[in-house]
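Given the structure is predicted, the values throughout are model-derived calculations rather than measurements. Quick note: residue numbers are just sequence positions, from 1.
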Amino acid sequence: MRYLMMQKAGGAEPDAKLYADMAAFVEELTASGVLLATGGLDPAGFKMTSVGDEITVTDGPFTEAKEAIGGFALIEVRSKEEAIELGRRFRRIVGDGESVIHQVYGP
């Protein structure tokens, strides 16, 4: 089962301990084969809407900075419970804030 774990932007500036703790967490998940991809996201982005044959592209940002998704991790685990546990471990490392996790369907 694949899950997309998204971290909302905001919070305090990361310090050396946070960088070290996250590096160890990422290294562990990569070595175990659970972590498929990670990355940060451009806070502006753009959106596309369609009505009939008309497609409109609108440049962002669209939400308040505290609501924007700042980064993501794509993981492959055996169960929803395992995804939740990894999410808990991540939240314990980064501290206060919010993550959103969605199961990814398909190959």
Exercise for review: Determine, stepwise, if the pair F90 / M22 fulfils side chain to side chain contact (heavy atoms under 4.5 Å, CB included).
Suggested key: CA-CA 8 Å; F90 174 79; M22 280 304 300; 3.5 Å; yes
Exercise for review: Would you check, one step at a time, whether the test side chain to side chain contact (heavy atoms under 4.5 Å, CB included) holds for M5 with H102?
Suggested key: CA-CA 7 Å; M5 306 173 76; H102 290 273; over 6 Å; no
**Study point:** Side chain E82, main chain R78, donor-acceptor under 3.5 Å
**Key:** yes
Exercise for review: In sequence, state the C-alpha distance, the side-chain angles, and the governing distance for S99 and Q7, and then conclude on side chain to side chain contact (heavy atoms under 4.5 Å, CB included).
Suggested key: CA-CA 4 Å; S99 296; Q7 166 68 22; 3.2 Å; yes
Check your understanding: In terms of side-chain geometry, is the basic nitrogen of E28 or R89 positioned less than 4.0 Å from the acidic oxygen of its partner?
Key -> yes
**Study point:** Check: I75 and R2 side chains under 4.5 Å, non-hydrogen atoms
**Key:** no
Review point. Once you round to the nearest 0.5 Å, how far does CZ of F46 lie from CG of D59?
Key: 8.0 Å
Check your understanding: Side chains of Q103 and M1: does their closest heavy-atom pair fall under 4.5 Å?
Key -> yes
Exercise for review: Give the C-alpha distance, both sets of side-chain angles, the deciding distance and a yes or no for side chain to side chain contact (heavy atoms under 4.5 Å, CB included) between I101 and L4.
Suggested key: CA-CA 6 Å; I101 301 173; L4 181 62; over 6 Å; no
Check your understanding: Do V100 and I84 belong together in a cluster built from hydrophobic side chains that touch within less than 4.5 Å?
Key -> no
Study note, to complete from the structure: d(K80 NZ, Y3 OH) to nearest 0.5 Å is 6.5 Å
Check your understanding: Among the clusters formed by ILVMFWY side chains lying less than 4.5 Å apart, do I93 and V77 turn up in the same one?
Key -> yes
Exercise for review: Could you grab the distance from atom CG of L74 to atom CG of L35, nearest 0.5 Å is fine?
Suggested key: 8.0 Å
Check your understanding: Given side chains that start at C-beta, do those of L41 and F72 come closer than 4.5 Å, heavy atoms only?
Key -> yes
Study note, to complete from the structure: Tightest non-hydrogen contact, residues K8 and I69, listed as CG-CD1, 4.0 Å
Check your understanding: Just wondering, more than 12 heavy atoms not from R88 lying within 6.0 Å of its CZ?
Key -> no
Practice item. Side-chain contact test, heavy atoms from C-beta onward, threshold under 4.5 Å: evaluate it for T58 versus T49 and give yes or no. Key: no
Check your understanding: In terms of heavy-atom contacts, does CD of E27 have more than 12 from other residues, nucleotides or ligands at under 6.0 Å?
Key -> no
Check your understanding: Is any side-chain heavy atom of M48 less than 4.5 Å from a side-chain heavy atom of I55?
Key -> yes
